[in-house]
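Remember, predicted model here, so these are calculated numbers, not experimental data. Proteins come first, then strands; the chains are lettered A, B, ... in the order of their sequence lines, and each starts at number 1.
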Amino acid sequence: MLNASNVTKEYVSGDQKIQALRGVTLSISSGEFLSIAGPSGSGKTTLLNLMGCLDTPTSGTLEFSGQILSTQTKDQLATLRRDHLGFIFQSYNLIPVLSAWENVAFSLDILGLPQNEVNQRTQEALEAVGLKDQGGRLPGELSGGQQQRVAIARALVKRPALILADEPTANLDSNTGKDILNLMRALNQKWGTAFLFSTHDPMVMDFADRLILLHDGLITQDKRK
Amino acid sequence: MKFTKMATLALRNMGRNRRRSFLSALALGITALSMVFVFSLLDGLFTDMKKNLIGFSTGHISIRHSEYEKKKILQPLGYSVQNPFEFAQALEAQPQILQALPRIPFGAAVYLEEKNYSVFVLGLLPQKEEVLLKPSTYLSQGKLPRDGEREVVLGFALAQELGKGIGDKLEILARTRGRSSNMVTYTISGLANYPTADRNRSMILMPLDQAQNLLRLTNASLEILLVLQPEVAPSSYQAIAEDLNAQFASNPTTESYKAQAWNSPGLYTLILEYGRMTYDFIALIIYLLGSVVVVNTTMMVIIERTREIGTLSALGLKGKELVQLILLEALGISIVGAGTGVILGSILTIIISLTGLDFSSAMAGVDFDLSPIWYPALSLQTVLVVFVSSVAVSGLASWLPARRAIKIHPAEALRSPT
Amino acid sequence: MTKILALLALKNLDRYKKRTLITASTIAFGIMALIITDGLLTGISQQSDNNLIQFETGSAQIRTQKSWDEKDYLLIRNAIEDPEPIQQELKAWGIQATGRTDFLGEMILREGGIQTRFTALNPETDGQVFDLERYVVEGEWLTQNPFGIVMGAWLAQDLDLKTGDFITIRTRAKNGNLQTLDLKITGLLNSPHGSINRGQVFLSSHLADEQLLMRGSVTSFVIRYPMGKDLDLKLHEKINSLIQSQIQKDLVFLDWRILGQEALEIAAAKSKGTSALLFMIILIAAVGIINTMLMAVYERIRELGTLQALGLSPGHILSLIIFEAGGIGLLGSFAGALMGTAVNIYFIFQGLDFSFISRNMDIGYRISGQIFSSWNWGTVVGAILLSTFLAMGSALIPARKALSLEITACLRHN
């Protein structure tokens, strides 16, 4: 589904050039549950962003569902994200003016689905993450764990091919973190959505089916359990 | 925390988000710039109006027969000031009075076949008037008329209209004191360029004795205008005029005369007052608008740095100090912005004051003495007032959101994503 | 999609209520000032125009060429010798007309004299073109008595005169000889036209005919159009050929716009000055708006990144920002339009009292006391549209800046 071939990414910071990725090759198939781990600065977030079509590589090819990403326009990438990808951020990034319900429904609204289908799926998604009755609350009124659940519901409700999560448990206590992971696993099994998350938390690394270790912009290990 | 340390911190904070600080400063700067320019323009305007009023019409204090004012429209030559030269001398002996200038202003006509061209004649002492009207400053060609000679100076547009030039003769027809007519021929000795088109089209300067002769006003003038010593403050003019009136009342020869200071309540002072009020009001609005920008920035600063504020609070910084810190930043931006604004505004004013702004089309048809070209007049007072008030208003306006900083609970703040 | 973005924009505006309101108030104030000033200016110039036609120029005049060229001198000898046939012809076409003789003369009183404008009119026909009779505030209008005069009330006040007083007038008759007349003030006039009140005296044409040797001739023939301010071209041509066909060869037909050219120029020039001031206010308001919009965008860079991650294209983000700005613009302009119109309504019915100024000096407009605002829907609508677009336009710059950042950079922001 997603193929990266010798992908590099360079940043310019101030007057210095930083090589975040030095040549990464990997493939992800549908339904996989995998994590990318490594110390800070290893390039995890960069790799995740590239695979999430949020950015384009400096060199190498990225292919998603048969489309070569570097040939896509910004609008086409946006459509790709809208239709096939879901994101869960470390700091939740919910839209503060929208309630939990509206945040989740937003993903479907922009797909142009009919209202009753939007309503039905949103309700389902909120139930799936255990927030059935919290739909009316604004993000500011929810705890960290609850916000992350809303974020998951938002990503899920589209039933995308792949959900990318950037250090999803970093801002949560260990119990809540475990709950979230179990939830994601359950959803992966139920809906067949591929999950890819980056982390430096050993518990999370343990959780995944496949672990990719990144160090200094290169893959040092790619092991399945 | 010591003040200097806080100031330094505030300064560094300003530099953190240079673009935002710059934009706020810019907005305030534009406000300050336009204020300096507008106020200077108005100052120049009012100064001009004052100068024209005093020079052409009223002097610092005018002395006339008390009945003359009431019937002014009829040009009542019967209500004149007797023995003007003696009287003037006596007045000049008083310590506060620099010069006393007798004048005869009257309406007459230039006789052109049967068409009588209405003119306004000012009979004066051409040399002595250098201290009040300063006629040589308006002279564009030729010379001032000489005492005892039948010479006149015409507004240049008037000369044009009549098709005459220097050296040509013209006949002036006037009604005399005895209510009959008199017509005398004069030679044009010079042409003048006055501030208003109106005067250029109708004003004639004539030596006082010639005016007396034409109107058969023996040993009299219609008014005496006083120029007071430069060190006398304008605010005391009215008191001096009252004083003179008391003197006049006690003496039978002068008891019908009335002295009036130019700045006593009347039409012109009212106009000046209303004008000032309107523009002060507009200035206030503009300040508020400019301040809106700085306030916005301050609010943004607080939101953005909630976490940091929480940290500082957790570290033990007192509420008052937190407010101070934020306020200092806002003040810093205001000072930079307003400072740049007044400097640029001053430069703009000076540049434009060299050429003036041409408002002749807007001034068309307006009756009072204001030149059509407006020259802004920069003054230190304007610069300081604009600067201080800009900083004060925007600083004050930032105080309210700054106070919110105290209400931030450290624990909550530290949890905030920023 | 548009609906979704619009709703999101609305919610965002609500979230920053204070800032939205402050910015909207800035716009509102500017719009309000614009509408009020425009209403007053339009009103005053309309009034001035109307007074010009109703009291000064009529709809048009027939004069001699010389009379027009030498109009500043008001010479009685520049006259239309035989106005009768013209009057008859015009009457047949249904056009009202009356003859008037304007001249300068000197009013002599005990203390001195003053040069004044005199108008000799025909009391029988003048009322068909001008409507002065109803503004008589003391005494009565001109009658058949040739020695009665009606004076502007302010002039009488300045000269300390009242009805019943006698004054002496000195002027030149048509043959150039000086004439002195003793006349009695039979009435005082207070009209909406300041200059008349301030310096005009009316007397009967019988007096001019006999004492000033006019004998039926007039210096101008004033016409009133059957309806409105404009004369249709055909009638215009007819009148032109009518005067061509007269024995007197130097007659001209002048429309009110030419006769009142000076007044019209003054009105046009004044509005320019006020526009400049308004422009400055709006400029400064614009600065405030741009600053607010910039802040609104920079504050939410991260959110904008999130939206793009969710699948919104750059174009959508642009629309979102423009909607927000447009929302503020619309809110502010409606509020401003409402407030401005409310104040305008007050000025339309109550008017603004200018009598102090117009009593004492001439500011160019033909008015005397109250001035009234006028409706100007075009300005209101135009102002709303303009400011909304201005607000939207000012959002473009910050929006573009925000979109120039990479999505990943947006997400890292703050």
K.L.:
Need one label for C:Leu304: side chain, backbone, both or neither, based on atoms under 4.5 Å from any heavy atom in chain A.
P.N.:
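No part of C:Leu304 comes within 4.5 Å of chain A.
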K.L.:
If every non-hydrogen atom of C:Leu310 is compared with every non-hydrogen atom of A:Lys158, which pair is closest and at what distance?
P.N.:
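Taking C:Leu310 first and A:Lys158 second, the nearest heavy atoms are O-NZ, 3.5 Å.
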K.L.:
Please look at C:Leu307 and chain A and tell me whether the side chain, the backbone, both or neither of the residue comes under 4.5 angstrom of a heavy atom of that chain.
P.N.:
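For C:Leu307, the side chain is the part near chain A, not the backbone.
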K.L.:
Could you tell me the separation between the NZ atom of A:Lys9 and the OG1 atom of C:Thr408, rounded to the nearest 0.5 Å?
P.N.:
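Result: 7.0 Å between the selected atoms.
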K.L.:
Which residues, numbered in order, of residues 378-385 of chain C come under 4.5 angstrom of chain A by heavy-atom distance?
P.N.:
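The list, in residue order, is empty: none.
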K.L.:
Could you have a look at A:Thr79, A:Asn49, A:Asp83 and say which one has the most heavy-atom pairs with chain C under 4.5 angstrom?
P.N.:
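Most heavy-atom pairs under 4.5 Å with chain C: A:Asn49.
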K.L.:
Using the side-chain contact (heavy atoms from CB on, under 4.5 Å) rule, take A:Arg154 and C:Thr306 through it: C-alpha gap first, then chi angles, then the decisive distance, then the call.
P.N.:
CA-CA 12 Å; A:Arg154 174 175 75 179; C:Thr306 310; 3.8 Å; yes
K.L.:
Partners of A:Thr8 by side chain to side chain contact (heavy atoms under 4.5 Å, CB included), sequence neighbours excluded?
P.N.:
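By the side chain to side chain contact (heavy atoms under 4.5 Å, CB included) rule, A:Thr8 matches A:Thr58, A:Ser59.
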K.L.:
Please walk me through it: do A:Ile95 and C:Leu8 pass side-chain contact (heavy atoms from CB on, under 4.5 Å)?
P.N.:
CA-CA 10 Å; A:Ile95 300 184; C:Leu8 188 57; 4.2 Å; yes
K.L.:
So which part of C:Glu406 gets closer than 4.5 Å to some heavy atom of chain A, the side chain, the backbone, both or neither?
P.N.:
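The side chain, not the backbone.
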K.L.:
Taking the side chain as everything from C-beta on, heavy atoms only, tell me whether C:Glu303 gets closer than 4.5 Å to A:Pro96.
P.N.:
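Yes, their side chains come closer than 4.5 Å.
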K.L.:
Please look at A:Gln76 and chain C and tell me whether the side chain, the backbone, both or neither of the residue comes under 4.5 angstrom of a heavy atom of that chain.
P.N.:
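Neither the backbone nor the side chain of A:Gln76 comes within 4.5 Å of chain C.
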K.L.:
Between C:Arg302 (side chain only) and A:Asn93 (backbone N and O only), is there a donor and an acceptor less than 3.5 Å apart?
P.N.:
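No; zero donor-acceptor contacts below 3.5 Å.
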